[in-house]
Each structure stands twice: as structure tokens, then as C-alpha cells.
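One structure below.
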Amino acid sequence: MKVTLPDGTELQLAEGATGGDAALAIGEGLARAALAIEVNGELRDLARPLPDGAEISIITGKSPEALELVRHDTAHVLAAAVMELYPGVKISIGPAIENGFYYDFDFPEGAEVSDADFERIEQKMREHVKAKEQFTREDISVQDAIEKFKAEGQDYKVELIEDLITNEGAETVSLYTNGPFTDLCRGPHATDTGKIKAFKLTSIAGAYWRGDANRQMLTRIYGTAFLSKEDLQQHLELIEEAKKRDHRRLGKQLDLFHFNEVSPGSPFWHPNGMKIWNALHELWTEQNSLRGYNRVKTPILLDVDLWKISGHWDKYRDNMYFTDVEERPMGIKPMNCPAHIQIYKNDRRSYRDLPIRYSEDGLVHRHEPSGTLHGLMRVRHITQDDAHIFCTEEQIQDEVIQCLRFGFYIYEIFGFEPSLELSTRPEQRVGDDATWDRAEAALENALKAEGLPYDLNPGDGAFYGPKIDLHMKDSLGRSWQLGTVQLDFSMPERFELSYTGDDNEEHRPVMIHRALFGSFERFIGILIEHYGGEFPLWLAPVQVRVVPVSDKHNDFSNQLADRLLEAGLRPHVDERSESVGRKIRDAELAKAPLMWVVGDEEQQTETVAPRRRHHEGEPERVPIADAIEQLRAEVAARTRAE
RNA sequence: GCCGGGAUAGCUCAGCUGGUAGAGCAACCGCCUUGUAAGCGGUAGGUCAGGGGUUCGAGUCCCCUUCCCGGCUCCA
């Protein structure tokens, strides 16, 4: 028989030859480096026989698939070690994931496992790696497999196999054995555990079986693995660096905000943080008015009946805050839409008025479960850059496109490259299927018309309509939803909204819910991590640190600061009786974008020598007026880079 | 909300198997008057998250509560 190599050459092999034989036939070095093989585009074990005429490609450590393969191998080694150390443990699943792998265990009663146990687990794992245990595959009938795992008390495996039978009509399943450990597994695996060159257990956490909060809570052990010790080391250092960008850490360090037990999940914004907020708010005001949005302001407390009409009472009352006002039950708004609807309904509307676009920096409160709070990213006190567009069905696509373009305009300012998700009808929803069909199609058409790549998220829409979300990742790779464009045929129905058409008949408008920052809180959180605290001039809390050479230059420095203030800039004068070196250092640590060191020379010549953040050596001197004008221009342009 | 871990001075952290709390930085007070990343000396600062228990004795051991961290579930 023969097979074809990636470069098109053909290779003659004996009947029944395996991937390993093929690798050896090409070269001894390759055979040693080989981890697995791609056969007609499918990743397989080296030990499996090749079909005649197959197109093959040997997978080595250099292949992009290698890491995933070895991480999956390591997950099996972890399970092997845990089964030896904790007799009676039940195993469930253990896949490779981005940056590593995990394995979920159900530990026996009384076995308390924490990261303190990692060392002995890793020790055990190292024994298996050192032993270079072969991964061997065996295909057996589902009946035999069920019997085997039942006998071993591995209930989770039994359930997995039963699901394979019902969902895929499986008749056989594959088992992989390395050393004393056998697992139900699709494969493929590398030849042996010796291919794992570097690994580390990283964390431990609870995880529901099958991701279902109503089912058993398992113990998930996370780890990572690499093909060399250097790669592992580099990865760990990268994580350490990323932690330094954490907005919670920088928020404290730069004195932007703090969190307080007196109101969990609600940031206390400090003056420095508010400078950023204000700069952002200015952008928001400016662009919303340029784009035909009209700003409104609505109450935070609204009659409970309103939330019953909107459907929020039914779906979210456990996550809402309520209070009584003179015995009248009121709800604190978790969304602004029913309030904006009141403004729409306060007058008769004509088709000539549409689209009507209301915007509000609306403060909403949601009782987010305690375990989900996360710095500025997930708060209970949320300031949305909210907007609601009331329009005709014909106007939908154009309005959605305009929202998306507006979003990309904003994100471009920060150099954000968001990923897009289209989320469709959830199980628990309002409105009929025909309406959902139209709504989903409208959003999809808008995305396609704009040529935007997106991921589909079936079932993840809002209860009143489908949505397009803009996501960004934080410094540790966690994805957060920022902007959102949501289509809603339901609220107009529930609140009986109407407009008079050109036919003099009453028609139902459509609503678009839209936020681009998402919330000021989360957006600033992402901003902090994106810039690592080194904000561009237009966002920096302090834009110019004025550093007097000695105390006798304090007056002149304050005069300069006044001129900066008058120009609408944010200066700070360091009046301490410290050395220049010290004041420069502290300005650097405060991540100020600019420093002006001023002494006799500046005072006499009416010049300054603006020193950029991280600048080395002495900077150029320019006339004061020019320096200020240049800063004003840079702020006005919202220049991104230094 | 669930599982696991944590909480010591303003900040970052040390405090062995229980014997009455410590460093660096910051702060404050002096001196120095400084030219592009840390000048020198001194002073003060803590119901060891809160509550209960074990013990002659608890920062340290046990229980409860709150908050935080890492995941999971959720996220209008």
C-alpha cells in the first residue's frame, strides 16, 4: 500500500503499516519526534494502521496541534495520579483547553483536596511521566464498556456512554490505557507519557457535572503542560506579567476607586478614577448628540406593576431590589427600557417622528449573585451608556448597522478589536416564533451587510429578543461583554406602543436596545487592563506632573499649572521638598504621561522641556505656549499612542 | 448561589509545631534645596475582618458570619 505525504510524494508501505511505521520510513529522527499523525485531515494515534492511499502528515512538537495533544495526555496522567492517591474517586471528563487542561473528579466523602495537595499529586504524575507509559487504544462494545465502568463504580463514565448511544447511536467506544489507568476517551494521544516535557497544576475549583447547577458539584483540577521547560517557564512569567495589569490592582495603585464591605459589588470612585470617567462621558455625550440621539433622564425607582408588564418581574425578581414607598411597592430599575418607554408613550407618535433615539447614562441595580462579582467587570451598581431606538420594521436594518458602525468608531479610538456574537432565542422567552424569526434574520442581515465576522451563540439571546454583542478579553484572557445591540418586538407589544402611519392607521414600532461601552464600570475596567494603567493623554487622570527643581520654583510651577488648567488640562504640581530624581520616579510610578521639570532655566526663558513617560535622557525644550497648544491638540484628537 | 482558598499597620508582605506582633514603602516631624527613576535622621501607626468556642494562655486550633480571590452556574 502507499500513502501521500504533505509535499505530494508517495510512500510505499507494507500492508497494515501504522502511522509510526510511516514516520520511521521517512526518517529515524522524525519517528522519535512523532507524537501523532494526521490521516486524511483527522488526527490519530501513531499506533493505528493506515488506510491505503491516505494523505498523511506526521505531527511533531513543532505542529500547532502538539500542545493540545500533550495537554490532553497530561490530563490522563493527572487522573491516573489522583486515582492512585484517592482510592474510590470517581472520574468524569478531562479535556485540553486554551492554555492547559483540566480533569473533573468526584472525591470520596471526607477527602478534602486543595491546592496544598498539588505537590504530592504532581510528584505522582512525574512518576508516570518518567515511566514513559504507552498510550494504548482499545475499541470495545458499548455494552462491555458500560459493564466495565459499572463494575468499577464509575457512574459518570456510564452516563457518558449511555449518552453516546442515545445521541450518536454509538455501538463501540474507545478506551485509552496508560500504565495502570484506563479512561473512556475519543483520543488521539501521543505514543507515551514521556512526551510530556513540562507540566504544572495551576488551580482547583468546583464545577457542576455537565455544567448543570442542579447536579453534582465536582472538583476540577486545572493544569498546564508544554513541550519544554522553557515554554512552561515563559507561560508562567506571562501570567505574572498579566496579573500586574489587573484593574483591581491598578485601581488601588493609581488611586482610581475602591470596593468596600458597606456596599459589595459597588465601586467607590476616587477623584483620579472620575477623571477617566469624565473623559469617557464627554466622548459619550459628544458622539450621541452627533448621531441623532436625544439624552433623557429617568427615575431609579419605578412601580412594581411596570416590571410586571415588562416581564422583568417574572424572570428577574430574585435579582432585583424592591422597596415600599408609602406602602406602594416599587422596584429599583435593573434596566432603563421601561422608563424610556414612558417617555415614548407620553405623546402620540407619527411615522414622521421615527426613528426616535433616546440615550441615558442610566444607573441600574442588579443583585448579581455574590460569587459572580468581579472588580469593575461585574458589579451590582451599573451605569449603562444606554439607548433605545423606536423605529419601524423597515428601519431596523439601517438602524442596527448604524449602531454597529457607531460601536466600531468608539472601539477604534481605544484600539479595541472586539469579537462579535449573535445570540438567538433562549428557552425562556416572550413573543412568538415568527417574530423571533424576523428579529434574528434582521440582525444576521445587518452583520452580513457590513461584512463582519461573528460567532453564533444559539439560545443566548435576551428574553425579549436576539442580540449582537461586542466582547473584549481582560488581561487574563477572560471574555467580557461590552457593547450590545438588541432587537425587541416584545416590549412594544407589552406596553402597547404605537405610531400613526401614513395610512392614518396605528402601527406597532420596534425597539432597539443599544449600549456601546456596555457599562462605564466594565468599560473602564477593560481600559485599565488594556493600557496597563498607562492611559493616553486624553484619559490620564493627571496629564502633566509639574516637577519644580527646588522649593523656590514652586510658585512658577503653580503658575504653569494654572495655565494648563485654563487650557482645560489636568496638571499636578509635586511641591514636596524632594530631589528631582525622586519626583520623576514617583511621576513614573503614577504613570503620568508627561512631566515638566522646571527650574531657573525654564523660568528665565519661558520654556518647558516636556518629558514623556518612560523617556530617557533630557528632553527638548519648547516655548510654554507651544507646549500647551500641542497638548490641547493631542487631547482633542484623543490620540491613542504615545 | 455552589466548591476550594484567603483576610495581620495606609500599601506589599513576614510571623516554625499555641507563650501576648514585625519589615520595607507610604504618612508625620526635622535637616538637605536638589536638573530627569529612590538624599539623610527621627516619630507615630495594629480590638491580627467580626462574633463565639477550646486552652492557664489564641494572629496561630475549632465553629459561625461578612468580604475578597480562583473556578462553576448565572449575567435582562
Side-chain angles (χ1 to χ4, degrees), chain A residues 102 104 107 112-117 202-222 246 248-249 252-253 255 258-265 307 310-312 314-316 318-320 333-338 364 366-375 377-380 382 384 426 428-430 460-465 467 469 476 478 480-481 484 486 488 491 513 515 522 547-554 576-589 595-602 609 611-619:
Chain A
Y102 68 77
D104 284 351
F107 283 97
E112 282 183 26
V113 185
S114 77
D115 57 10
D117 300 297
T202 51
S203 65
I204 186 163
Y208 297 108
W209 169 234
R210 300 243 136 153
D212 184 343
N214 298 313
R215 303 200 65 180
Q216 178 76 30
M217 171 69 74
L218 306 174
T219 303
R220 174 171 299 178
I221 296 178
Y222 285 94
D246 190 310
R248 292 165 299 188
R249 179 173 171 151
K252 203 182 275 187
Q253 208 173 309
D255 197 20
H258 87 274
F259 285 89
N260 196 309
E261 285 202 25
V262 299
S263 186
W307 304 112
S310 71
H312 288 92
D314 282 341
K315 190 158 195 293
Y316 288 112
D318 288 346
N319 298 309
M320 284 178 64
K333 67 177 173 185
M335 286 188 81
N336 301 298
C337 34
V364 300
R366 297 176 181 177
H367 178 248
E368 305 285 7
S370 56
T372 64
L373 299 177
H374 187 99
M377 304 301 191
R378 187 89 182 261
V379 290
R380 288 180 175 157
I382 307 160
Q384 297 180 319
Q428 207 184 335
R429 61 178 180 262
V430 296
D460 246 11
F463 71 91
Y464 48 72
K467 56 180 188 159
D469 293 330
L476 284 168
R478 294 172 286 222
W480 299 94
Q481 180 195 309
T484 185
Q486 311 182 345
D488 183 358
M491 293 285 162
H513 309 242
R522 182 177 287 178
V547 175
V549 170
S550 79
D551 289 351
K552 67 178 190 228
H553 305 108
N554 282 357
R576 295 174 305 163
S577 300
E578 289 287 352
S579 66
V580 170
R582 174 53 173 274
K583 287 189 260 196
I584 294 277
R585 179 182 149 82
D586 288 344
E588 284 284 352
L589 292 177
M595 289 149 242
W596 286 5
V597 178
V598 297
D600 289 340
E601 290 174 49
E602 284 75 11
R611 179 194 196 275
R612 289 274 164 180
R613 190 162 46 202
H614 306 319
H615 181 83
E616 286 181 25
E618 213 150 324

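Order of the sequence lines fixes the chain letters, A, B, ..., with proteins taken first and strands second; residue numbering starts at 1 for each chain.
No side-chain donor-acceptor contact under 3.5 Å links A/Ser203 to the backbone of A/Tyr222. Judged by distance alone, with hydrogens and angles left aside, the side-chain atoms of A/Arg429 form a donor-acceptor pair with the main-chain N or O of A/Pro426 at under 3.5 Å. Under a 3.5 Å cut-off, the side chain of A/Arg366 and the backbone N or O of A/Pro334 do form a donor-acceptor pair. A side-chain donor-acceptor contact under 3.5 Å links A/Arg522 to the backbone of A/Met377. Judged by distance alone, the side chain of A/Asp314 and the main-chain N or O of A/Gly311 form no donor-acceptor pair under 3.5 Å. A distance-only check finds a donor-acceptor pair linking the side chain of A/Arg380 to the backbone of A/Glu368 [under 3.5 Å].
For the pair A/Gln428 CD and B/C74 P, the computed distance is 12 Å after rounding to whole Å. Computed from coordinates, the A/Asp115 CG to B/G71 C1' distance equals 12 Å when rounded to whole Å. Counting to the nearest Å, the C1' atom of B/C68 and the CZ atom of A/Arg249 are 16 Å from each other. Nucleotide B/C75 holds its C1' atom 12 Å from the CE atom of A/Met335, rounded to whole Å. Atoms CE (A/Met217) and P (B/C74) sit 12 Å apart, rounded to a whole Å. Taking atom OH on A/Tyr316 and atom C1' on B/C74, their separation rounds to 9 Å, with Å as the unit. For A/Asp104 and B/U73, the CG to P distance is 10 Å, given to the nearest whole Å. If you measure from atom CG of A/Asp488 to atom P of B/A76, you get 13 Å, rounded to the nearest angstrom.
Residue order along RNA chain B, read from the 5' end via each residue's closest nucleotide, puts A/Phe259 first among A/Phe259 and A/Met320.
A distance of about 9 Å separates the C1' atoms of B/G15 and B/U60, rounded to the whole Å. Comparing the same atom, P, in B/G18 and in B/A23 gives a spacing of 25 Å after rounding to whole Å. Distance noted for atom P between B/G6 and B/A76: 34 Å (whole Å). Rounded to whole Å, the separation between the P atoms of B/G22 and B/C16 comes to 14 Å. Nucleotides B/U65 and B/C28 place their P atoms 42 Å apart, quoted to the nearest Å. B/G71 and B/C63 have their C1' atoms separated by 26 Å, given to the nearest Å. B/G42 sits 15 Å from B/C32 when the C1' atoms are compared, rounded to a whole Å. Taking atom C1' in both B/C13 and B/U17, one finds a spacing of 22 Å when rounded to whole Å.
Side-chain N/O atoms of A/Arg478 include one lying less than 4.0 angstrom from OP1 or OP2 on B/G71. Close to B/C68, at under 4.0 Å from its OP1 or OP2, lies no side-chain N or O of A/His374.
Between A/Asp469 and A/Lys467 a salt bridge is recorded (basic side-chain N to carboxylate O distance below 4.0 Å).
Taking CD from A/Glu588 and CE from A/Met595, the interatomic distance works out to 4.0 Å, rounded to the nearest 0.5 Å.
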Taking N or O atoms only and anything under 3.5 Å, show me the protein contacts with nucleotides 29-36 of chain B, one pair per line.
from  : atom 1 : to       : atom 2 : distance (Å)
B/U33 : O2     : A/Asp551 : N      : 3.1
B/U33 : N3     : A/Asp551 : OD2    : 2.7
B/U33 : O4     : A/Asp551 : OD2    : 3.1
B/U34 : O2'    : A/Val549 : O      : 3.4
B/U34 : O2'    : A/Val580 : N      : 3.3
B/U34 : O4     : A/Ser577 : O      : 3.0
B/G35 : O6     : A/Asp600 : N      : 2.8
B/G35 : O6     : A/Glu601 : N      : 3.2
B/G35 : N1     : A/Glu602 : OE1    : 2.9
B/G35 : N2     : A/Glu602 : OE1    : 3.2
B/G35 : N2     : A/Glu602 : OE2    : 2.6
B/U36 : O2'    : A/Gly617 : O      : 3.4
B/U36 : O2     : A/Arg611 : NE     : 2.8

Which atoms of nucleotides 61-66 of chain B (N or O only) lie under 3.5 Å from a protein N or O atom, and what are those distances?
from  : atom 1 : to       : atom 2 : distance (Å)
B/U66 : O2'    : A/Glu261 : OE1    : 3.0

Worksheet entry | Pair assignment for RNA chain B - dot-bracket with | for other-strand partners, Watson-Crick or G-U under 3.5 Å | (((((((..((((.....[..)))).(((((.......))))).....(((((..]....))))))))))))....
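The residue A/Tyr102 sits apart from the nucleic acid: no heavy atom pair falls under 4.0 Å. Among the heavy atoms of the strands lying under 4.0 Å from A/Arg248 are primed sugar atoms or P, OP1, OP2 only; no base atom is included. When heavy atoms are screened at a 4.0 angstrom cut-off, A/Tyr222 is found touching the sugar-phosphate backbone but no base atom. Within 4.0 Å (heavy atoms only), A/Lys333 reaches no atom of the nucleic acid at all. Base contact: A/Asn319 has a heavy atom under 4.0 Å from a base atom. The residue A/Ala213 sits close only to the backbone: its heavy atoms come under 4.0 Å of sugar-phosphate atoms, none of a base.
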Worksheet item: Hey, mind stepping through A/Asp246 and A/Arg248 against salt bridge (charged side-chain N to carboxylate O under 4.0 Å, His left out) and telling me if it holds?
Response: CA-CA 5 Å; A/Asp246 190 310; A/Arg248 292 165 299 188; 2.6 Å; yes
Worksheet item: Step by step, would you call A/Trp480 with A/Arg378 a side-chain contact (heavy atoms from CB on, under 4.5 Å)?
Response: CA-CA 9 Å; A/Trp480 299 94; A/Arg378 187 89 182 261; 4.3 Å; yes
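The side chain of A/Tyr208 approaches B/C2 more closely than any other nucleotide in the set B/C68, B/A76, B/C2. Ranking B/A76, B/C75, B/C25 by closeness to the A/Arg582 side chain, first place goes to B/C25. Here B/A37 is the nucleotide among B/A37, B/C75, B/G4 with the atom lying nearest to any side-chain atom of A/Leu589.
The aromatic rings of A/His312 and A/Phe463 sit perpendicular to each other, their planes meeting at more than 60°, with 30° as the lower class boundary.
Listed here is the closest heavy atom pair of A/Asp318 and A/His367: O-ND1, 3.9 Å. For the residue pair A/Arg220 and A/Asp104, the shortest heavy atom distance occurs at NE-OD1, 2.7 Å.
Exactly one residue among A/Asp488, A/Thr484, A/Asn336 makes a side chain to side chain donor-acceptor pair (under 3.5 Å) with A/His513. That residue is A/Asp488.
You'll find a donor-acceptor pair under 3.5 Å spanning the side chain of A/Arg378 and the base of B/C74, going by distance alone.
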